[in-house]
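Right, one structure below, let's go through it.
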Amino acid sequence: MNDYYSFTEIERKWQERWREAKLFRADTDPTRPKFYGLEFFPYPSGAGLSVGHFKNYAPNDAFLRYKSMRGYNVLHPMGWDAFGQPAENEALKRQRNPREMVPEYAANYRRQLDLIGLSYDWDREINSSDPGYYRWTQWIFLKLYEMGLAYRATAPVNWCPVDNTVLANEEVVGGRCWRCDSMVEKRQMPQWFFKITAYAQRLIDDLEGMAWPDGIKAMQRNWIGRSEGAEVDFAVEGAEKPLRVFTTRPDTLWGATFMVVAPEHPVVAQITTDEQRSEVEAYVSRAQRQSEIDRLAEGKEKTGVWTGGYAKNPVNDELIPIWVADYVVMGYGTGAIMAVPAHDQRDFEFARKFGLPIVPVFQDPDNALSGDEMPAATIHQGVAVVGPFVGDPDDERIVAKVINWIEERGIGKGVVNYKLRDWLISRQRYWGAPIPIIHCAKCGEVPVPEDQLPVQLPEVENYQPSGTGESPLATIPEFVDTTCPTCGGPARRETDTMGGFACSSWYFLRFADPHNENEAFSREAVDYWLPVDMYVGGAEHAVMHLLYARFWTKALYDAGLLGFSEPFKQLRNQGMMLAYTPGREVTADEAGGEDDEAPIEDWKVLRPEERETVPEEQWIWRWVKMSKSYGNTVTPDEAAEQYGADALRVYEMFVVPFEDTVQWSDEGIRGCVRFLGRVWRLVGQHAEGFSTEAWQAKVGEAEGKELELRRKTHRAIIKIGEDLENFRFNTGVAALMEWVNAMYEVSNALEPGKRSAALDEALEYLVQVISPIAPHIADEMWEGMGKSGFLYRQPWPQADLEIASAEDKLTIVVQVNSKVRDKLEVPAGTDMAQIQEEALKLPNVVRHLEGKQVVKVIAVPGKLVNVVVK
RNA sequence: GCCGAGGUGGUGGAAUUGGUAGACACGCUAGCUUGAGGGGCUAGUGACCUUUAUUGGUUGUGCGGGUUCGAGUCCCGCCCUCGGCACCA
């Protein structure tokens, strides 16, 4: 082996060899246990990857290489989430055709992933914009359609005025488009939906016990938003139907002093009195015009208008006024509420502002309320003071009791409500899988017959979103005009395409059988490979991709196409990578807030093109996410060239725990290069004449320092294995470093030309154990030791538990009144009573006992002696 | 407001069931090696006090209490940071 660790050469050499040997190719083999490891498939952007992206790729790769050494048949595929808004927007910006652009960018991504030596089976590469793929996306759409889970309906939807398309609720983040950050508008349009709401309960129930981060599970539960309560009917004068409300607190019905309906509620027109009409109409039309941002600007200040109408409270026949207010939204519950200001913060604020009565249902007898004060303290305590349940405490039981009571009287019934809305899937955009439906004047909506799939996306030059609410496909007669599969008459194709999240809702299934031309996947292949055993990606998809994919899997399970109903057994979220980035203060002028696009910030990144406009001494540095547009990225190309791929991998794993945010530092990665250099030189010193048989024959005789090293070796093997298994890469690498430091001690003490069996044993295991983390240098050292083959195919070394747990001497801590006063080295197995005796004789202990009385002595076997005195 | 995750040296971060706080690294300091270097090796490094030195002592895991021989870890009450949702009845 060379004295100098020339990583560039080594890394190139082994990447080449792995490729030639198709080392990472996975074949279905029912005789072996499988392990399917996956990272969220990326949309390949033109900016390429940064070292930040490897915060998940590198550790998961180490994990999967470890799994291979553990004997698993590992599937580790990669593909491209190529359809959808991200790719199309980038193509539009660069004035490129996405059809050409995407494969180009994908090739660059693939090159960069290979640069770090990631263990992908490239034979399974897929691209969601490939007709061979989206044909099956369309096929699944039709399956869902057949099952009644895909439907078209006119509904108020989120419209992004910049991207010129509708968006799913999950794609609206804080009232803004997830891609371009512009404020979304509400529009009434016919759109395609997937009936994810039919799975709301199962999507909650099945989270139970899943090996996912608590945060993600909580976010999904929140998003689905189950709440139990009751629907109650209030008779309304002048309306033929009663006004139905949803409440989670039917036990507070006796405290309802008014009602509120959403501005869009149909009852408004029926009940508004002539005197109130102009005011109500003005309020309703203002509410409709108002954008999200106007509403936010008004803060939480309650607004509303009385309709002039009254409703009768079914529990006590009292007439209460009906108001219109925008704090009640049409999309949830029934769009109408009974207001109980004594027990609801919002109702209270409203009542206060408009002088409406506040009637407590529950009161704390020890803490009587004055009439119009917010009885905050009694919101969930006290006992009932009105109605038939006087004296009952305010808790879960009375809610159930009241539901029972109203059901008996036919006033209302217990119901469960969900915040989750159906998944809006149609997009008025070019770059997506066309929805395989044909509209026929005679037959209506007709699904495209399976044998006519795929409905090909036409190749066109101009794919600019039209902004008319119609997809650009609508302007292509060759695409639109077709014949009805049922009656043969003239018909029109659906021109909307599916949003990108449809493609990503099943790609993990396709990886099991990526080249199948006859079906989306063979049952045999998915039965063997699925579900995904380890899924790794960012937390930003908590309620988008991760919810959709679970839904599709359940639907396909119900269709009998899959034998499991949860796609991802284990999920891990990696932390972000930040870079130290110059910025500047935002002037008061800029912060003004008139601009819809500008979120309120006091600091702004200086993009590379802006840096000359601000003198350097005014730059204010902060840690921000690595991003090409901020000019703060380090590319894997640069990192691999300067420090080496292995050092980058070690760095990504070592700096912080897997799920924590990293602050990129050149010093940090240099430390990793140094570490690999130390490993290289250590192995290099002993590689010549290395013989496994030789050390194995002699290692049993090891004693003293050598035996100590053996103990460390076998402990390290166990510890590093456990750490890799549990995604604790940072402590795993630290254990590796400690172990190497211990080897150096033995190596440095060795007479020149002599060998140490314990050291040779450690070296051989070191090379194996380091290989998932730093695979290139490991394979090179392995070869340098006269071994052959790839470590990826080697078994993980078997630690000798007896050696690992053996101790010949123990350090006992001696405390006086719980303060460490001395330490005692004793041979293992020494009787605690004897240790105690010795401990009491230690000079420093004796000093602290002077003039004091020993109350008791606590002895923890093998650990410490604590003398308690007073 | 609600939900989730966290607060440990100059920095990133370690600490099985409560049992030597600060592993491992970065940075820094000193020395050695020396053809320079973001090179290699050795030693030191929480703070404060004490000692010629060895030794020794006090204090220390966001804040305030508590349980315990013993608390970063357990209990009660706060504060702060990050992420998500947000007038969801």
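Letters A, B, ... are given to chains in the order of the sequence lines, protein chains preceding strands, and every chain is numbered from 1.
Nearest nucleotide to the Glu667(A) side chain, out of G4(B), U16(B), C26(B): C26(B). Taking only side-chain atoms of Val813(A), from C-beta outward, the nucleotide of A25(B), A89(B), U20(B) with the closest atom is U20(B). Closest contact between the side chain of Thr731(A) and the listed nucleotides A15(B), A5(B), G13(B) involves A15(B). Here A89(B) is the nucleotide among U20(B), A89(B), C87(B) with the atom lying nearest to any side-chain atom of Phe246(A). You'll find that the side chain of Thr247(A) is closest to A89(B), out of G40(B), A5(B), A89(B). The listed nucleotides are G19(B), G4(B), C24(B); the one nearest the side chain of Val860(A) is G19(B). With U17(B), G38(B), C87(B) as the candidates, the nucleotide lying closest to the side chain of Lys863(A) is U17(B). Checking G40(B), C85(B), A89(B) against the side-chain heavy atoms of Arg681(A) singles out G40(B) as nearest.
Nucleotides U20(B) and G70(B) have their C1' atoms positioned 12 Å apart, rounded to a whole Å. Nucleotides G57(B) and G65(B) place their C1' atoms 28 Å apart, quoted to the nearest Å. Here, G64(B) and A71(B) have their C1' atoms 16 Å apart, quoted to the whole Å. Using atom C1' as the reference point in both G9(B) and G72(B), the two lie 14 Å apart (nearest Å). As rounded to the nearest Å, U68(B) and U73(B) have C1' atoms that lie 13 Å from one another. Nucleotides G60(B) and C48(B) have their P atoms positioned 15 Å apart, rounded to a whole Å. The same atom, P, is picked in U29(B) and in A21(B); the two are 30 Å apart, to the nearest Å. The C1' atoms of G77(B) and C82(B) are separated by 23 Å, rounded to the nearest whole Å.
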Using a 4.0 Å heavy-atom cut-off to protein, can you give one letter per nucleotide of nucleotides 66-75 of chain B, 5' to 3': B if the base is in contact, S if only the sugar-phosphate is, - if neither?
---BS-----
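The OH atom of Tyr5(A) sits 16 Å away from the C1' atom of G39(B) (whole-angstrom rounding). One interatomic measurement links the two molecules: CD of Gln663(A) to P of G27(B), which rounds to 16 Å at whole-angstrom precision. Following rounding to the nearest Å, Glu738(A) (CD) and A25(B) (P) show an atom-to-atom distance of 8 Å. Distance OH (Tyr4(A)) to C1' (G38(B)): 11 Å, rounded to an integer number of Å. If you measure from atom CZ of Arg176(A) to atom P of C85(B), you get 13 Å, rounded to the nearest angstrom. Taking atom CZ of residue Arg221(A) and atom P of nucleotide A5(B), one finds them 11 Å apart after rounding to whole Å. Between Leu578(A) atom CG and G13(B) atom P there is a gap of 11 Å when expressed in whole angstrom units. Spacing between atom CG of Asn222(A) and atom P of A86(B) amounts to 10 Å, rounded to whole angstrom units.
There is no side-chain donor-acceptor pair under 3.5 Å between Thr581(A) and Trp621(A). At a cut-off of 3.5 Å, with distance as the only test, a side-chain donor of Gln201(A) or Arg226(A) sits close to an acceptor on the other residue. When only modelled atom types and interatomic distance are considered, Tyr580(A) and Ser665(A) share no side-chain donor-acceptor pair under 3.5 Å. Between the side chains of Gln574(A) and Arg572(A), not a single donor N or O lies within less than 3.5 Å of an accepting N or O.
Pairs of Watson-Crick or G-U wobble type, with distances under 3.5 Å, assemble into runs of 3 or more in RNA chain B at these ranges: B:1-7 with B:79-85, B:10-12 with B:24-26, B:27-33 with B:39-45, B:46-49 with B:56-59, B:62-66 with B:74-78.
The side chain to side chain donor-acceptor pair (under 3.5 Å) analysis of residues 211-222 of chain A, with sequence neighbours excluded, yields the pairs Gln220(A)-Arg550(A).
Evaluation of atom-type donor-acceptor distances gives a pair under 3.5 Å for the side chain of Gln642(A) against the base of G38(B).
Listed pair Tyr332(A) / A89(B) meets the phosphate criterion, a side-chain N or O lying under 4.0 Å from OP1 or OP2. Neither OP1 nor OP2 of A23(B) sits under 4.0 Å from any side-chain N or O of Asn730(A).
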Output side-chain donor-acceptor pairs under 3.5 Å for residues 666-682 of chain A, partner residues at least two apart or in another chain, one line each.
{"residue": "Asp666(A)", "atom": "OD1", "partner": "Tyr643(A)", "partner atom": "OH", "Å": "2.6"}
{"residue": "Arg678(A)", "atom": "NH2", "partner": "Asn741(A)", "partner atom": "OD1", "Å": "2.8"}
{"residue": "Trp680(A)", "atom": "NE1", "partner": "Asn2(A)", "partner atom": "O", "Å": "2.9"}

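Taking the side chain to side chain contact (heavy atoms under 4.5 Å, CB included) definition, one finds that Lys419(A) meets it with Tyr332(A), sequence neighbours left out. Applying the side chain to side chain donor-acceptor pair (under 3.5 Å) test to Gln642(A) and every residue at least two apart in sequence or in another chain returns nothing. Taking the side chain to side chain donor-acceptor pair (under 3.5 Å) definition, one finds that Thr731(A) meets it with Asp723(A), sequence neighbours left out. The side chain to side chain contact (heavy atoms under 4.5 Å, CB included) check on Pro213(A) picks up Ile216(A), Leu571(A), Asn573(A), with sequence neighbours excluded. Scored by the side chain to side chain contact (heavy atoms under 4.5 Å, CB included) test, Arg715(A) finds Arg711(A), Ala804(A), Glu807(A) as partners (sequence neighbours excluded). For Val656(A), the side chain to side chain contact (heavy atoms under 4.5 Å, CB included) partners two or more places apart in sequence, or in a different chain, are Lys55(A), Asp660(A), Val662(A).
Remark: of the listed residues Trp254(A), Phe348(A), Phe362(A), Phe362(A) is the sole one forming a ring-ring contact (aromatic ring centres under 6.0 Å, His included) with His343(A).
Aromatic pair Trp323(A)/Phe350(A): centroids less than 6.0 angstrom apart. Residues Trp664(A) and Tyr651(A) bring their aromatic ring centres within 6.0 Å.
In this structure, Gly331(A) and Val543(A) both approach RNA chain B, and ranking their closest nucleotides by distance from the 5' end singles out Val543(A).
In this structure, the separation between OG1 on Thr811(A) and CG on Leu824(A) is 9.0 Å, given to the nearest 0.5 Å.
Counting non-hydrogen atoms under 4.0 angstrom, Phe675(A) reaches nothing in the nucleic acid. Gly333(A) comes within 4.0 angstrom of nothing in the nucleic acid, heavy atoms only.
Side-chain contact between Asn866(A) and Leu864(A): present, with at least one pair of heavy atoms (C-beta onward) separated by less than 4.5 Å.
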Could you list all N or O pairs between the protein and nucleotides 57-59 of chain B that sit under 3.5 Å apart?
{"residue": "G57(B)", "atom": "OP1", "partner": "Arg821(A)", "partner atom": "NH1", "Å": "2.9"}
{"residue": "G57(B)", "atom": "OP1", "partner": "Asn844(A)", "partner atom": "ND2", "Å": "3.4"}
{"residue": "G57(B)", "atom": "OP1", "partner": "His848(A)", "partner atom": "NE2", "Å": "3.3"}
{"residue": "U58(B)", "atom": "OP2", "partner": "Arg821(A)", "partner atom": "NH1", "Å": "3.2"}

Mind listing the N/O atom pairs, protein and nucleotides 42-53 of chain B, below 3.5 Å?
{"residue": "U42(B)", "atom": "OP1", "partner": "Asn748(A)", "partner atom": "ND2", "Å": "3.4"}

